[in-house]
2 protein chains.
Amino acid sequence: MPRNKVIFYLIENETHRKVSYKKRHIGFLKKAQELTTLCDIEIATIIYSPYSDEPKVFPNHGATINTFLKFK
Amino acid sequence: MPRNKVIFYLIENETHRKVSYKKRHIGFLKKAQELTTLCDIEIATIIYSPYSDEPKVFPNHGATINTFLKFK
DNA sequence: CTAACTATAATTAGTGT
DNA sequence: CACACTAATTATAGTTA
């Protein structure tokens, strides 16, 4: 079960790419939550992907809008 | 040199909090880059913190604005 | 398709310079 | 302050169910 080191280029196989996305987007949103909680900061994130109809957002729709509106 | 397990609550000590932020925001942006590169997706992220004058953004100013504009 | 498992890679808290 | 080190934790690729 050795795990290959990850090469940072597009995962060509569509199934592998989707599986990787489904794992990694959770890890990514978790990191956002941790950074927000541990430190005294404000994050907004939007993820568009072909793998879900709605974009994934952090921390939530309203707060994300507000954070982005501050950005010029 | 044992390392404590991280407790997910605000880091009270301001120096520790800043150091943690400076490490973690890099890790976070790296995860965003990886997710974008490995999978076929679009991310926009903004981080506001007391630790830098300008917000940190991914992938860049223009693309972040464009991604946000798609979000309603 | 989803979810659990687990060995290994990647991140990072604590420390030192 | 910034950067380097490294032990320990955390994330995840590959696999199995």
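By convention in this document, chain letters (A, B, ...) are assigned in the order of the sequence lines, proteins followed by strands, and residues within each chain are numbered from 1.
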In whole angstrom, give the distance that lies between atom [atom1] of [X] and atom [atom2] of [N].
X       : N      : atom1 : atom2 : answer
A:Glu14 : C:dC1  : CD    : C1'   : 14 Å
A:His16 : C:dC1  : NE2   : P     : 12 Å
A:Ile26 : C:dA4  : CD1   : P     : 11 Å
B:Lys22 : C:dT11 : NZ    : P     : 19 Å
A:His25 : C:dT2  : NE2   : P     : 11 Å
A:Arg24 : D:dG14 : CZ    : P     : 11 Å
B:Ile11 : C:dT12 : CD1   : C1'   : 11 Å
A:Lys30 : D:dT9  : NZ    : P     : 14 Å

Partner set under side-chain contact (heavy atoms from CB on, under 4.5 Å) for B:Ile26, not counting sequence neighbours: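 If we apply the side-chain contact (heavy atoms from CB on, under 4.5 Å) test to B:Ile26, skipping adjacent residues, there are no hits.
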Contacts of B:Asn60 that satisfy side-chain contact (heavy atoms from CB on, under 4.5 Å) - sequence neighbours left out: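 In terms of side-chain contact (heavy atoms from CB on, under 4.5 Å), with neighbours along the sequence ignored, B:Asn60 is linked to B:Ala63.
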Phosphate OP1/OP2 of D:dT12 contacted by A:Ser20 side-chain N/O (<4.0 Å):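 The answer is no; no side-chain N or O of A:Ser20 sits under 4.0 Å from OP1 or OP2.
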Donor-acceptor pair, side chain of B:Arg17 and main chain of B:Leu10, under 3.5 angstrom: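 Checking the backbone N and O of B:Leu10 against the side chain of B:Arg17, no donor-acceptor pair under 3.5 Å is found.
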Test item: A:His61 side-chain N/O and B:Lys72 main-chain N/O as donor-acceptor pair under 3.5 Å: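 Pair found, side chain donor or acceptor close to backbone of B:Lys72.
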Out of D:dA13, C:dA13, D:dA11, whichever nucleotide has its closest atom nearest the side chain of B:Lys23: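 When the side chain of B:Lys23 is considered, C:dA13 is the closest of D:dA13, C:dA13, D:dA11.
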Nucleic acid contacts - residues 31-57 of chain B versus DNA chain C, non-hydrogen atoms under 4.0 Å: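 Residues of residues 31-57 of chain B under 4.0 Å from DNA chain C: B:Lys31, B:Glu34.
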Secondary-structure stems for DNA chain C, with pairs counted as Watson-Crick or G-U when both distances are under 3.5 Å and runs at least 3 long: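 DNA chain C forms these stems: C:2-17 with D:2-17.
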Counterpart residues, side-chain hydrogen bond (donor to acceptor under 3.5 Å, both in side chains), relative to A:Glu42 (two or more places apart):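 Counting only residues at least two positions away or on another chain, A:Glu42 forms a side-chain hydrogen bond (donor to acceptor under 3.5 Å, both in side chains) with A:Thr67, A:Lys70.
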B:Thr37: partners by side-chain hydrogen bond (donor to acceptor under 3.5 Å, both in side chains), with sequence neighbours left out: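 Scan of B:Thr37 (side-chain hydrogen bond (donor to acceptor under 3.5 Å, both in side chains), adjacent residues dropped) gives B:Gln33.
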All pairs passing salt bridge (charged side-chain N to carboxylate O under 4.0 Å, His left out) where residues 49-62 of chain B contributes a residue, at least two apart: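 Of all non-adjacent pairs touching residues 49-62 of chain B, none passes salt bridge (charged side-chain N to carboxylate O under 4.0 Å, His left out).
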Shared-cluster residues of B:Tyr21, by chain and number - hydrophobic side chains joined below 4.5 Å: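 Other cluster members: A:Tyr21, A:Phe28, A:Leu29, A:Leu35, A:Ile41, A:Ile43, A:Ile47, A:Tyr51, A:Phe58, B:Phe28, B:Leu29, B:Leu35, B:Ile41, B:Ile43, B:Ile47, B:Tyr51, B:Phe58.
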Under 4.5 Å side-chain linkage, directly or through intermediates, the cluster mates of B:Phe68: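 In the cluster with B:Phe68 are A:Ile46, A:Tyr48, A:Val57, A:Ile65, A:Phe68, A:Leu69, A:Phe71, B:Ile46, B:Tyr48, B:Val57, B:Ile65, B:Leu69, B:Phe71.
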